[in-house]
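Before any comments, here is the structure.
Throughout, protein chains are lettered first and strands after them, A, B, ... in sequence-line order, and every chain is numbered starting at 1.
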There are 2 protein chains.
Amino acid sequence: MLTNASKYAIRAVLHLTKKMDEATKMSGKEIGSDLDIPEAFIAKILQKLVKANIISSHKGPKGGFYMSKENLNNNINDIIWAVEGRDIFEGCFMGLPVCSDENPCPVHHIVAPFKEKLYMKFNDLTIKDFADEIKDNGTHLTIKGINVKI
Amino acid sequence: MLTNASKYAIRAVLHLTKKMDEATKMSGKEIGSDLDIPEAFIAKILQKLVKANIISSHKGPKGGFYMSKENLNNNINDIIWAVEGRDIFEGCFMGLPVCSDENPCPVHHIVAPFKEKLYMKFNDLTIKDFADEIKDNGTHLTIKGINVKI
DNA sequence: AATATAAAAGACTTATTTATCCTTTATATC
DNA sequence: GATATAAAGGATAAATAAGTCTTTTATATT
Ligand code: FES
Ligand code: FES
């Protein structure tokens, strides 16, 4: 459903936002290594995000990426849109040219509520809200340093 | 989540199964045109499905693809496995290396129940069951010839 | 036996996604 | 002003997915 690029982007932005209070700026290198994302690849993605005003950046020593006050008001769908250039939630799970309640495919009744739930979460919460929720719930953006149970 | 190839495969098998009573065999050409799938591409996919014993085929005039009694006992996950060679339901929606209740990503609580529902449907119903359900519910495998409402 | 039909097989092209590398530009610090 | 640091920009490579084309093989019909 999401490409690697947008998964990386979402995790990077939320990670940046979580870290915000501690260290103001993070280098692309640091973000990549924190989240186990190839550094050169996440660098390209971060570039896009800056252009789309999803995150902010500053060059040179002590520079890096950071979240401005305004950046925090965006939502996850804005990130996806910036990276993909399209809405990933439209379209039928089974490949029909339209997805609608009136002309449902055999799994529409399962897929549609899921898509709606996720779409709402990705639209209604700001990045700031989302990052706060992550802190409160203790959910993960990486499993680095975590004693993983499966 | 699914590739085009497996979406095509699933729709093709269910379409074949639905048509079973009427015309015993269908050509790849017919399947492609019925479902709006590039003919050369669906031909390749059908070839794979025959090899994997998901569907059956017969060469020559009056030949084509069809569902044997045994073929009907497979399920959707078998189709996906035959085409993709892997389980598409494992893996975290946000790209974490594991998906588990113990180490959830921020959307795991939304994604996990959805994946489970779909996985069960794709595992517990045989192709025959699934096709019957489609007939009963009037859900679509194509929108060809349908007066589409969005 | 000749012919026509339809799948099987294999090689190939195109498009998209993922990823890497190298150069340039901005800027803080010495 | 020289130097080191970090993002920006651009080109290119590698991998995967999507799709096409041509030839071969099996088989029913005449
Ligand atoms: S019609 Fe297939 S998911 Fe909605
Ligand atoms: S941990 Fe991300 S979907 Fe389960």
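Rounded to a whole Å, the NZ atom of A:Lys25 is 17 Å from the P atom of C:dA26. Across the protein-nucleic acid pair, B:Glu39 atom CD and C:dA6 atom P stand 12 Å apart, rounded to whole Å. For the pair B:Ile45 CD1 and C:dA8 C1', the interatomic distance rounds to 15 Å; values are reported in whole Å. As rounded to whole Å, 14 Å separates atom P of D:dT16 from atom CZ of A:Phe41.
Between B:Met67 and B:Val13 the shortest side-chain heavy-atom distance falls below 4.5 Å. Put simply, the side chain of A:Ile80 reaches to within 4.5 Å of the side chain of A:Ile10, judged on heavy atoms.
Note on A:Tyr8: every side-chain N or O is 4.0 Å or more away from OP1 and OP2 of C:dT18.
A tilted orientation is assigned to the rings of A:Phe122 and A:Phe130, their planes being inclined by 30° to 60°.
Between the CD1 atom in B:Ile45 and the CD1 atom in B:Ile31 there is a gap of 11.0 Å [rounded to 0.5 Å].
Here the shortest heavy-atom pairing between A:Thr126 and A:Asn73 reads CG2-O, 3.8 Å.
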For nucleotides 5-8 of chain D, which of its nitrogen or oxygen atoms have a protein nitrogen or oxygen under 3.5 Å away, and what is each distance?
{"from": "D:dT5", "atom 1": "O2", "to": "A:Pro61", "atom 2": "N", "distance (Å)": "3.3"}
{"from": "D:dA6", "atom 1": "O4'", "to": "A:Gly60", "atom 2": "O", "distance (Å)": "3.1"}
{"from": "D:dA7", "atom 1": "OP1", "to": "A:Gly28", "atom 2": "N", "distance (Å)": "2.9"}
{"from": "D:dA7", "atom 1": "O3'", "to": "A:Ser57", "atom 2": "OG", "distance (Å)": "3.3"}
{"from": "D:dA8", "atom 1": "OP1", "to": "A:Ser57", "atom 2": "OG", "distance (Å)": "2.8"}

Polar pairs (N or O, both sides) under 3.5 Å between protein and nucleotides 11-17 of chain C?
none

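Without hydrogens or angle criteria, B:Lys115 side chain to B:Phe93 main chain gives no donor-acceptor distance under 3.5 Å. Listed for the B:Asn71 side chain is a donor-acceptor partner under 3.5 Å among the backbone atoms of B:Asn53. Although no hydrogens or angles enter the test, the distance criterion places no donor-acceptor pair under 3.5 Å between the side chain of A:Asn103 and the main chain of B:His140.
More than 12 heavy atoms of other shown residues, nucleotides or ligands fall within 6.0 angstrom of atom CE in A:Met1. For B:Lys62, the NZ atom is loosely surrounded, since the number of other residues' heavy atoms within 6.0 Å does not exceed 12.
One finds a salt bridge joining A:Lys121 and A:Glu133 here, because a Lys/Arg side-chain nitrogen approaches an Asp/Glu carboxylate oxygen to under 4.0 Å.
Taking a pair as Watson-Crick or G-U with both hydrogen-bonding distances under 3.5 Å, the stems of three or more pairs touching DNA chain D are C:1-30 with D:1-30.
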